[in-house]
K.L.:
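There's a structure below that I have some questions on.
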Amino acid sequence: MHIFITGANGFVGSHLKEYLNNLYSEYVLFTPSSKELDLANEEAVDSYILSNKIDIIIHLANKGGDRTSVNMKNITEYNLRIFFNIAKHEKNVKKIISFGSGAEYGKHKPIVDAKEEDYIDTQPLDEYGFYKSITSKYIEKSEKVIQLRIFGAYGEYENYRFKFISNAIVKNLLELPIIINKNVYFDYIYINDLLKMIDWIIHNKTKEKIYNVTTGTKIDLLSLVNLVNETSEFKSEIRVINDGLNNEYTSNNQRIIDEIGNFNFTSHKDAIIKMREYFRYNLKNIDKDIIINDPYLKEINKMWEEKK
């Protein structure tokens, strides 16, 4: 089987390459970098997919959606352009797996136990959520494209500079305080569990077009930080800047669980233990100055504000 993975050098993509190579050595993976293939170039994408006789496309590449992109502009056109350059090839492949986001529900308001169809109730005010919402509306009417909505995936390899759980683990390893702007409930899924869901989608015929690939269970940031302390001999000081709770960001995952069947999720504690060992081993390569200065902390509120 020939599998083309866009965004293969990103967090999920790098894990997925490793996972598929380990389990399915007979598969041929095509994982070009952005320098090797410009996904915004329609002719280049056409040529790449057809010449390599791609069977399945896993589309992970996009811009935006995290703390590094709060000031990024004009991401809607770029992301839609590369999405449609990929989606047009559903007639030429067996399946296309695209990735959505909880941002499709509109992060300017609480998102609580959201079901897949609930996204049509509100138009997201931010560019990233709006772009993802458009792709879902297209995918619902497609034949071979599936949308997997991620609310919050975490694990080894992620950017510890601004990803909350990794950032908290690294701060604890450096014996620094852990600072939370404002507590909030999320629906986080450990990367190994997400990979198993993707694996199932690759190899099975699905009944629906859109799935929340989540645990379906909420956990707040304070609880996660307490787990970081619980799994460490050093207990970091925990500071919360603003009282109360920010807008909840949680989902209902019953749709995918009904199709997969029994699914054993990794506990957040076990995941944090695994991540701690990874970051401990790589601690000498950590950018300690940026961890201490925490430049993204002051930007985090912008991710929850309405678009002006």
Side-chain angles (χ1 to χ4, degrees), residues 1-20 24 27-66 69 75-104 116 119 127-151 153 189 191 194-195 197-204 206 208-213 256:
M1 185 183 293
H2 288 194
I3 300 179
F4 171 30
I5 304 174
T6 73
N9 293 323
F11 168 57
V12 176
S14 58
H15 276 281
L16 185 60
K17 280 190 299 184
E18 187 176 289
Y19 177 92
L20 293 175
Y24 305 103
Y27 291 177
V28 181
L29 303 185
F30 295 84
T31 59
S33 67
S34 57
K35 291 183 179 179
E36 294 169 325
L37 177 62
D38 178 6
L39 294 173
N41 184 324
E42 184 178 9
E43 291 184 358
V45 173
D46 291 348
S47 176
Y48 191 89
I49 292 172
L50 296 175
S51 64
N52 289 304
K53 300 179 180 179
I54 300 300
D55 296 301
I56 291 179
I57 302 173
I58 302 175
H59 181 45
L60 285 159
N62 62 227
K63 290 182 179 179
D66 57 46
S69 61
I75 62 175
T76 303
E77 180 186 353
Y78 174 81
N79 285 327
L80 286 176
R81 191 171 296 282
I82 66 173
F83 169 79
F84 285 113
N85 284 348
I86 294 294
K88 64 177 284 191
H89 285 279
E90 64 175 312
K91 63 182 182 297
N92 298 317
V93 299
K94 295 177 180 178
K95 184 180 296 185
I96 297 174
I97 302 171
S98 183
F99 288 79
S101 167
E104 296 177 49
E116 285 82 356
Y119 82 104
E127 285 205 47
Y128 183 79
F130 184 59
Y131 135 67
K132 289 292 191 182
S133 177
I134 292 171
T135 64
S136 283
K137 290 178 174 69
Y138 173 87
I139 287 169
E140 283 191 307
K141 298 178 181 179
S142 69
E143 293 185 7
K144 298 180 183 177
V145 190
I146 299 164
Q147 184 90 304
L148 304 184
R149 282 204 190 114
I150 300 174
F151 276 63
I189 186 170
I191 186 64
L194 176 60
L195 295 175
M197 287 185 169
I198 296 172
D199 187 349
W200 190 90
I201 295 291
I202 290 173
H203 295 100
N204 291 274
T206 59
E208 305 287 349
K209 295 293 179 62
I210 301 175
Y211 295 89
N212 291 335
V213 282
I256 194 165

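In this text, all values refer to a predicted model and were calculated from it rather than measured experimentally.
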K.L.:
Is there a donor-acceptor pair closer than 3.5 Å between any side-chain N or O of Glu140 and the backbone N or O of Lys209?
P.N.:
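Answer holds: no.
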K.L.:
How long is the straight-line distance from CE of Met197 back to CD1 of Ile256, given to the nearest 0.5 Å?
P.N.:
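CE of Met197 is found 5.0 Å from CD1 of Ile256.
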K.L.:
List the atom of Glu90, the atom of Tyr138, and the distance in Å for their closest heavy-atom pair.
P.N.:
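For Glu90 and Tyr138, the tightest heavy-atom pair comes out as OE2-OH, 3.5 Å.
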K.L.:
Once side chain to side chain donor-acceptor pair (under 3.5 Å) is applied, do any residues pair with Lys95, and if so which ones, sequence neighbours excluded?
P.N.:
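Checked Lys95 against side chain to side chain donor-acceptor pair (under 3.5 Å); zero matches.
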K.L.:
Please round to the nearest 0.5 Å and tell me the distance separating atom CD of Glu43 and atom CG of Asp38.
P.N.:
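One gets 11.5 Å once the value is rounded to the nearest 0.5 Å.
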K.L.:
Under a 4.5 Å cut-off applied to non-hydrogen side-chain atoms, are Val213 and Ile201 in contact?
P.N.:
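No, side chains not in contact.
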K.L.:
Could you walk me through whether Ile75 and Tyr131 pass the side chain to side chain contact (heavy atoms under 4.5 Å, CB included) test, one step at a time?
P.N.:
CA-CA 8 Å; Ile75 62 175; Tyr131 135 67; 5.9 Å; no
K.L.:
Is atom NZ of Lys137 surrounded by more than 12 heavy atoms (other residues, nucleotides or ligands) closer than 6.0 Å?
P.N.:
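Counting other residues, nucleotides and ligands, NZ of Lys137 exceeds 12 neighbours.
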K.L.:
Looking at Val45 and Leu39, what are the two nearest heavy atoms and their distance?
P.N.:
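Nearest pair, atom of Val45 first, then Leu39: CG2-O, 3.5 Å.
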K.L.:
What I'd like to find out is whether the side chain of Leu29 reaches to under 4.5 Å of the side chain of Tyr24, using heavy atoms alone.
P.N.:
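With C-beta onward as the side chain, the pair stays apart.
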K.L.:
Run the side chain to side chain contact (heavy atoms under 4.5 Å, CB included) test on Tyr19 and Ile198 for me, step by step, so that the C-alpha distance in whole Å, both residues' side-chain angles and the decisive distance to 0.1 Å come before the verdict.
P.N.:
CA-CA 10 Å; Tyr19 177 92; Ile198 296 172; over 6 Å; no
K.L.:
Is a side-chain donor-acceptor pair under 3.5 Å present for Asn79 with Lys132?
P.N.:
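Not at all, the side chains of Lys132 and Asn79 share no donor-acceptor pair under 3.5 Å.
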K.L.:
Verify side chain to side chain contact (heavy atoms under 4.5 Å, CB included) between Ile58 and Phe99, making sure each step is shown before the conclusion.
P.N.:
CA-CA 8 Å; Ile58 302 175; Phe99 288 79; 3.7 Å; yes
K.L.:
Hey, is the main chain of Ser33 close enough, under 3.5 Å, to the side chain of Glu36 for a donor-acceptor pair?
P.N.:
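Indeed, once roles are kept as given, a pair shorter than 3.5 Å links the two residues.
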K.L.:
Please check if atom NZ in Lys91 has more than 12 non-hydrogen atoms from other residues, nucleotides or ligands closer than 6.0 Å.
P.N.:
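Count over threshold, so yes.
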K.L.:
For His2, is there any backbone N or O sitting under 3.5 Å from a side-chain donor or acceptor partner on Asp55?
P.N.:
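Side chain of Asp55 to backbone of His2: a pair is present.
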K.L.:
For Val93 and Ile56, run side chain to side chain contact (heavy atoms under 4.5 Å, CB included): C-alpha distance rounded to whole Å, both residues' side-chain angles, the deciding distance at 0.1 Å, then the answer.
P.N.:
CA-CA 6 Å; Val93 299; Ile56 291 179; over 6 Å; no
K.L.:
To check you understand the geometry: which heavy-atom pair defines the closest contact between Thr6 and Leu60, and what is its length?
P.N.:
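Nearest heavy atoms, Thr6 then Leu60: OG1-N, 2.9 Å.
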K.L.:
So, using ring-ring contact (aromatic ring centres under 6.0 Å, His included) as the criterion, who are the partners of Tyr48 when residues are at least two apart?
P.N.:
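Per chain and number, Tyr48 pairs via ring-ring contact (aromatic ring centres under 6.0 Å, His included) with Phe4.
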K.L.:
In chain order, what residues pass the side chain to side chain donor-acceptor pair (under 3.5 Å) check against Ser136, with sequence neighbours excluded?
P.N.:
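For Ser136 the side chain to side chain donor-acceptor pair (under 3.5 Å) partners, ignoring immediate neighbours, are Glu104, Gln147, Arg149.
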K.L.:
With a 4.5 Å cut-off on side-chain heavy atoms, are Leu195 and Glu18 touching?
P.N.:
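Side chain of Glu18 against side chain of Leu195, heavy atoms only: no contact under 4.5 Å found.
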K.L.:
Taking all non-hydrogen atoms of both residues, which atom of Val145 and which atom of Ile139 are closest, and how far apart?
P.N.:
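Result for this residue pair: O-CG2, 3.3 Å.
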K.L.:
Drop me the distance from Thr206's OG1 to Tyr211's OH, to the nearest 0.5 angstrom.
P.N.:
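Separation between the atoms: 4.0 Å.
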K.L.:
Can you tell me if CD on Glu208 sees more than 12 non-hydrogen neighbours from other groups inside 6.0 Å?
P.N.:
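Check passes, neighbour count above 12.
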K.L.:
Taking all heavy atoms of Ala61 and all of Gly7, pick out the closest pair and write down the distance.
P.N.:
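Taking Ala61 first and Gly7 second, the nearest heavy atoms are CB-N, 3.5 Å.
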K.L.:
If I take atom OG from residue Ser34 and atom CG from residue Leu37, how far apart are they, to the nearest 0.5 angstrom?
P.N.:
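These two atoms lie 9.0 Å from each other.
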K.L.:
First locate atom CD1 of Ile96, then atom OG of Ser142, and finally report the distance between them rounded to the nearest 0.5 Å.
P.N.:
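Result: 8.0 Å between the selected atoms.
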K.L.:
Identify the two heavy atoms, one from Leu194 and one from Ala153, that lie closest to each other, and give their separation to 0.1 Å.
P.N.:
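Closest pair (atom of Leu194, atom of Ala153, distance): CD2-CB, 3.9 Å.
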K.L.:
If you measure from CD1 on Ile3 to CZ on Phe30, what distance do you get to the nearest 0.5 Å?
P.N.:
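If I round to the nearest 0.5 Å, the distance is 10.0 Å.
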K.L.:
Just checking Lys88: does its NZ atom have more than 12 heavy atoms from other residues, nucleotides or ligands closer to it than 6.0 angstrom?
P.N.:
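Above 12, so yes.
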